[in-house]
Peer 1: 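Below is a structure I'd like to ask you about.
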Amino acid sequence: MAAKDNLYRCLDRLLEHREELFKYLKERWQDQFGAKFDVLLYDLTSTYFESDPPFPEGDKRRFGYSRDKRSDCVQVVIALIVTPEGYPLAYEVLAGNTSDKTTLKSFLEKIQKLYGQANRVWVMDRGIPTEEVILEMQQADRQIYYLVGTPKGRLTRLNRNW
């Protein structure tokens with residue numbers, strides 16, 4: 001049995017093969033479990049570090065919106081795409097000051113590049129897509145379907161009319 005620290009050290013070596021690994025896993029999940037990839041759940045979270053800057057160039061730890069209410073700590077943002085069954089298809093570790101609404105467009109492109117075009121439905125929180133990206137999704141050569149909550153500001157405006 002390998003010690004956990006040995007396994008953690010191997011993760012850095014796997015990073016350069018991440019896309020190939022996810023393609024392989026997707027095929028295995030499809031073959032062994034009949035997994036489908038027509039509904040994708042997209043979400044972001046963050047994790048903070050109790051460490052003080054400065055950090056080396058290229059380090060992703062930054063001060064940003066803290067979901068953990070730890071504005072005194074630097075953090076990284078983690079974006080993850082999974083199936084409803086929990087099979088991960090892609091992830092990205094982003095700088096801690098990354099705004100949620102700036103991430104969707106690149107992930108749409110990444111998934112299409114990795115797994116091809118398909119009739120997928122993207123499910124995400126209301127803070128992720130912008131009106132501009134939603135419009136692009138609707139006007140794409142092959143429309144990209146999505147399910148997202150209505151922004152609170154729009155709900156407030158609609159409530160006033162009711």
Side-chain angles (χ1 to χ4, degrees), residues 1-49 51 55-68 74-149:
M1 179 182 234
K4 69 176 171 61
D5 291 342
N6 290 338
L7 294 173
Y8 291 151
R9 279 192 287 278
C10 291
L11 291 177
D12 287 339
R13 292 185 183 160
L14 282 177
L15 192 57
E16 66 185 270
H17 306 287
R18 177 172 50 172
E19 288 186 8
E20 293 86 10
L21 178 61
F22 273 112
K23 283 180 185 178
Y24 172 78
L25 290 173
K26 177 193 174 272
E27 290 173 17
R28 296 291 295 191
W29 295 326
Q30 233 168 350
D31 293 344
Q32 290 188 349
F33 306 114
K36 297 193 180 342
F37 304 94
D38 49 354
V39 175
L40 300 181
L41 309 173
Y42 178 52
D43 202 7
L44 298 117
T45 192
S46 58
T47 189
Y48 66 89
F49 301 85
S51 57
F55 301 112
E57 188 174 328
D59 196 292
K60 294 181 180 183
R61 290 174 287 181
R62 302 272 188 282
F63 289 104
Y65 167 72
S66 177
R67 292 164 177 82
D68 300 308
V74 290
Q75 65 181 11
V76 293
V77 173
I78 303 165
L80 180 65
I81 298 173
V82 299
T83 67
E85 298 83 17
Y87 299 116
L89 284 183
Y91 76 91
E92 204 65 51
V93 178
L94 307 165
N97 59 355
T98 302
S99 171
D100 291 1
K101 62 186 176 185
T102 64
T103 64
L104 179 59
K105 191 173 182 174
S106 64
F107 267 93
L108 292 171
E109 293 166 2
K110 179 180 192 132
I111 293 300
Q112 183 171 320
K113 180 182 156 227
L114 279 174
Y115 305 114
Q117 279 192 332
N119 288 326
R120 294 186 184 96
V121 178
W122 287 77
V123 180
M124 64 199 100
D125 291 340
R126 72 174 112 225
I128 294 175
T130 62
E131 297 279 338
E132 178 184 325
V133 173
I134 285 178
L135 191 58
E136 288 177 19
M137 292 168 75
Q138 293 169 344
Q139 295 176 346
D141 291 338
R142 180 178 226 169
Q143 184 176 1
I144 301 169
Y145 301 101
Y146 59 92
L147 177 62
V148 64

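Note that the coordinates shown come from a computational prediction; the quantities given were computed from them, not determined experimentally. Because only heavy atoms are used, hydrogens play no part in the values below, and waters and symmetry mates are left out as well, while side chains stay in. Residue indices begin at 1 and follow the sequence shown.
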Peer 1: Does either side chain, that of Glu132 or that of Thr130, offer a donor lying less than 3.5 Å from an acceptor on the other one?
Peer 2: no

Peer 1: Does Lys101, at its NZ atom, have more than 12 non-hydrogen atoms belonging to other residues, nucleotides or ligands within less than 6.0 Å?
Peer 2: no

Peer 1: Hey, what do you get for OH (Tyr91) to CZ (Arg18), rounding to the nearest 0.5 Å?
Peer 2: 4.5 Å

Peer 1: Do the side chains of Phe22 and Pro88 get nearer than 4.5 Å, heavy atoms only?
Peer 2: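 Yes. Closest side-chain heavy atoms under 4.5 Å.
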
Peer 1: Would you say Val148 and Ile128 make side-chain contact, with heavy atoms under 4.5 Å?
Peer 2: no

Peer 1: Considering non-hydrogen atoms only, spot the tightest contact between Ala118 and Arg142 and give its length.
Peer 2: N-NH1, 4.1 Å

Peer 1: Evaluate side-chain contact (heavy atoms from CB on, under 4.5 Å) for Asp100 paired with Asp125, printing each intermediate quantity in order.
Peer 2: CA-CA 10 Å; Asp100 291 1; Asp125 291 340; over 6 Å; no

Peer 1: Do Arg28 and Tyr87 meet the cation-pi criteria used here (NZ or CZ under 6.0 Å from the six-membered ring centre, within 45° of the axis)?
Peer 2: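 Pair Arg28/Tyr87 does not count as cation-pi.
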
Peer 1: Could you tell me the separation between the CG atom of Leu135 and the CE atom of Met137, rounded to the nearest 0.5 Å?
Peer 2: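 Atom-to-atom, Leu135:CG and Met137:CE are 11.0 Å apart.
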
Peer 1: Under the side-chain contact (heavy atoms from CB on, under 4.5 Å) criterion, do Asp38 and Val121 qualify, and how do the steps go?
Peer 2: CA-CA 6 Å; Asp38 49 354; Val121 178; over 6 Å; no

Peer 1: Show the nearest heavy-atom pair for residues Val77 and Arg67, with the distance to one decimal.
Peer 2: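 Of all heavy-atom pairs spanning Val77 and Arg67, the closest is CG2-NH1, 4.5 Å.
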
Peer 1: Just wondering, are more than 12 heavy atoms of other shown residues or ligands nearer than 6.0 Å to CZ in Phe49?
Peer 2: yes

Peer 1: May I ask you to decide if Gln112's main-chain N or O and Arg120's side chain share a donor-acceptor pair within less than 3.5 Å?
Peer 2: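 Checked: no pair found.
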
Peer 1: Could you check whether Tyr146 and Gln138, counting side-chain N and O atoms only, form a donor-acceptor pair closer than 3.5 Å?
Peer 2: yes

Peer 1: Working to the nearest 0.5 angstrom, can you tell me the gap between Phe63 CZ and Asn97 CG?
Peer 2: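 Here the interatomic distance stands at 11.0 Å.
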
Peer 1: May I ask you to test the Asn6-Arg9 pair for a side-chain heavy-atom distance under 4.5 Å?
Peer 2: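 Yes. Closest side-chain heavy atoms under 4.5 Å.
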
Peer 1: Hey, what do you get for OG1 (Thr83) to CG (Leu41), rounding to the nearest 0.5 Å?
Peer 2: 7.0 Å

Peer 1: Looking only at heavy atoms, what is the nearest atom pair of Ala95 and Arg62, with distance?
Peer 2: CB-CG, 4.2 Å

Peer 1: If you look at every heavy atom in Ile134 and Pro129, which pair is closest and at what distance?
Peer 2: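 Result for this residue pair: CG1-CB, 3.7 Å.
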
Peer 1: List the atom of Ile81, the atom of Phe107, and the distance in Å for their closest heavy-atom pair.
Peer 2: CD1-CD2, 3.1 Å

Peer 1: Does Glu92 use its side chain to pair, donor to acceptor, with the backbone of Ala79 at less than 3.5 Å?
Peer 2: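 No: the side chain of Glu92 does not pair with the backbone of Ala79.
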
Peer 1: Using modelled atom types and a 3.5 Å cut-off, is there a donor and acceptor pairing between side-chain atoms of Lys26 and backbone atoms of Tyr115?
Peer 2: no

Peer 1: Hey, what do you get for CG (Leu104) to CE (Met124), rounding to the nearest 0.5 Å?
Peer 2: 5.0 Å

Peer 1: Checking side chain to side chain contact (heavy atoms under 4.5 Å, CB included) between Val76 and each of Leu94, Thr47, Thr98, which is the one that passes?
Peer 2: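 Output: one option passes, namely Thr47.
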
Peer 1: Would you kindly say whether Thr103 and Tyr42 are connected by a side-chain donor-acceptor distance under 3.5 Å?
Peer 2: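 Side chains of Thr103 and Tyr42: pair found under 3.5 Å.
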
Peer 1: At their closest point, which heavy atom of Arg61 faces which heavy atom of Phe55, and how far apart are they?
Peer 2: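 Smallest heavy-atom distance, with atoms named: NH2-CD2, 3.0 Å.
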
Peer 1: How about Lys60: does its NZ atom have over 12 heavy atoms from other parts shown lying under 6.0 Å from it?
Peer 2: yes

Peer 1: Do Ile111 and Trp122 touch side chain to side chain, with heavy atoms closer than 4.5 Å?
Peer 2: yes

Peer 1: Could you state the interatomic distance from NE2 (His17) to CG (Leu15), rounded to the nearest 0.5 Å?
Peer 2: 9.5 Å

